[in-house]
Amino acid sequence: MSATTRKPRPGEIHGVHYYFVDDAEFDRMIEAGEFLEWAEFAGSRYGTPRQPVLEKLAAGVPTLLEIDLQGARQVREAMPEALLVFLAPPSWDELVRRLVGRGTEPPDVIQRRLEAAEAELAAEKEFDVTLVNTSVEDVVRKLLALMHVS
Ligand SMILES: Nc1nc2c(ncn2[C@@H]2O[C@H](COP(=O)(O)OP(=O)(O)O)[C@@H](O)[C@H]2O)c(=O)[nH]1
Ligand SMILES: Nc1ncnc2c1ncn2[C@@H]1O[C@H](COP(=O)(O)OP(=O)(O)O)[C@@H](O)[C@H]1O
């Protein structure tokens with residue numbers, strides 16, 4: 001599970017959806033070398049704690065990180081054997097519709113997320129595989145197949 005400095009959305013729970021931390025705690029985790037990777041995305045910081053990932057991999061457990069482009073680049077450096085999967089929207093209009101439709105971000109954050117999405121779409125070719133996010137069930141099935149979990 002990732003740590004983030006983003007504020008929880010309604011219904012999001014500390015320790016379930018994210019470890020919601022403040023800037024000082026995130027700084028401490030960076031200093032202590034606790035992150036496998038971390039990045040700033042649309043005004044908040046997000047990072048993957050290293051230890052739980054290493055423990056899972058050592059135990060042979062298929063391990064999925066849901067991270068942004070900057071994080072994917074760091075993982076590629078640190079773990080060249082990782083499979084990088086690009087989760088693409090069915091279309092630009094559908095991406096905008098979903099993000100705006102969620103109704104959880106103010107306009108300035110929506111703007112920053114759309115700019116990030118544009119940059120990420122331009123980097124799709126860096127990834128090993130692309131999955132188009134049509135239906136959740138469909139994309140989850142394909143993702144589990146890539147992870148050799150059925
Ligand atoms: N590098 C990195 N990116 C992350 C991490 N956790 C989440 N993200 C990415 O940060 C972005 C925003 O995540 P979030 O605020 O939860 O928004 P949501 O994915 O739209 O619900 C998405 O692109 C996530 O994939 C992490 O631990 N590291
Ligand atoms: N396959 C899908 N079908 C319909 N809505 C989706 C699908 N995937 C994501 N969404 C919705 O789109 C919005 C943004 O999706 P999310 O995965 O959080 O995007 P991102 O991580 O790029 O910000 C959310 O409200 C989410 O529920």
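This structure is a prediction, so every number in the text was calculated from the model and none was measured. We count residues from 1, following the sequence as given.
Looking at Thr63, its side chain does come within 3.5 Å of a backbone N or O of Val61 through a donor-acceptor pair. Remark: side-chain polar atoms of Ser2 are not paired, donor with acceptor, to backbone N or O of Thr48 under 3.5 angstrom. The backbone N or O of Asp23 sits nowhere less than 3.5 Å from a side-chain atom of Thr5 that would complete a donor-acceptor pair. Proximity of a side-chain donor or acceptor of Gln74 to a complementary backbone N or O of Leu36 within less than 3.5 Å is not detected.
When hydrophobic clusters are built by joining Ile, Leu, Val, Met, Phe, Trp and Tyr residues whose side-chain heavy atoms come closer than 4.5 Å, directly or via intermediates, Phe86 is not grouped with Leu83. The hydrophobic clustering, which links ILVMFWY residues whose side-chain heavy atoms are closer than 4.5 Å, places Val139 and Met147 together. Grouping the Ile, Leu, Val, Met, Phe, Trp and Tyr side chains by contacts below 4.5 angstrom, directly or via other members, places Leu84 apart from Leu64. Linking ILVMFWY residues whenever their side-chain heavy atoms come closer than 4.5 Å, directly or via other members, leaves Leu95 and Val109 in distinct clusters. Under the 4.5 Å side-chain contact rule for hydrophobic residues, Phe20 and Val16 do not share a cluster.
The shortest non-hydrogen separation linking Pro49 to Met1 is CD-O, 3.1 Å. Across Leu69 and Ala119, no two heavy atoms sit closer than the pair CD2-O, 4.2 Å. Ala39 and Gly71 make their closest contact through CB-N, 4.4 Å (heavy atoms, listed as atom of the first residue, atom of the second, distance). When all heavy atoms are compared, the tightest approach of Glu126 to Arg76 is O-NH1, 3.0 Å. Residues Pro62 and Val149 approach most closely at CG-CG2, 3.7 Å, considering heavy atoms. Listed here is the closest heavy atom pair of Thr4 and Arg6: OG1-N, 2.9 Å.
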Original post:
Going through the checks in order, is the side chain to side chain contact (heavy atoms under 4.5 Å, CB included) test met by Phe41 and Ile67?
Top reply: CA-CA 10 Å; Phe41 181 92; Ile67 59 180; over 6 Å; no
**OP:** Please assess Ile30 against Trp38 for the test side chain to side chain contact (heavy atoms under 4.5 Å, CB included), listing each intermediate value before the final yes or no.
**Re:** CA-CA 8 Å; Ile30 294 171; Trp38 70 271; 3.5 Å; yes
**OP:** Applying side chain to side chain contact (heavy atoms under 4.5 Å, CB included), run through Arg45 and Asp27 and close with a yes or a no.
**Re:** CA-CA 10 Å; Arg45 290 184 291 172; Asp27 286 341; 2.9 Å; yes
**OP:** Before giving the answer on ring pair (Phe, Tyr, Trp, His ring centres under 6.0 Å), spell out for Phe35 and Phe26 the whole-Å C-alpha distance, their side-chain angles and the decisive distance to 0.1 Å.
**Re:** CA-CA 10 Å; Phe35 287 125; Phe26 203 95; 4.7 Å; yes
**OP:** Check the pair Leu114, Trp92 against side chain to side chain contact (heavy atoms under 4.5 Å, CB included), reporting the backbone distance first and the verdict last.
**Re:** CA-CA 10 Å; Leu114 290 177; Trp92 178 260; 4.1 Å; yes
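Counting heavy atoms from C-beta outward, Ile110 and Arg102 have side chains that stay 4.5 Å or more apart.
Using a cut-off of 4.0 Å between Lys/Arg side-chain N and Asp/Glu carboxylate O, Glu94 and Arg98 are scored as salt-bridged. Note on Arg28 versus Glu25: salt bridge recorded, some NZ/NE/NH1/NH2 to OD/OE distance being below 4.0 Å. Under a 4.0 Å N-O distance rule, the pair Glu105/Arg9 qualifies as a salt bridge. In this structure, Asp108 does not pair ionically with Arg112, as no charged nitrogen and carboxylate oxygen lie closer than 4.0 Å. Salt-bridge annotation for Glu37 and Arg73: absent, with no side-chain N of the basic residue lying under 4.0 Å from a carboxylate O of the acidic one.
Remark: Asp68 CG to Glu40 CD distance equals 10.5 Å, nearest 0.5 Å. Atom NZ of residue Lys142 and atom CG of residue Leu87 lie 11.0 Å apart, to the nearest 0.5 angstrom.
Side-chain N/O atoms of Glu115 and Gln111 include a donor and acceptor closer than 3.5 Å.
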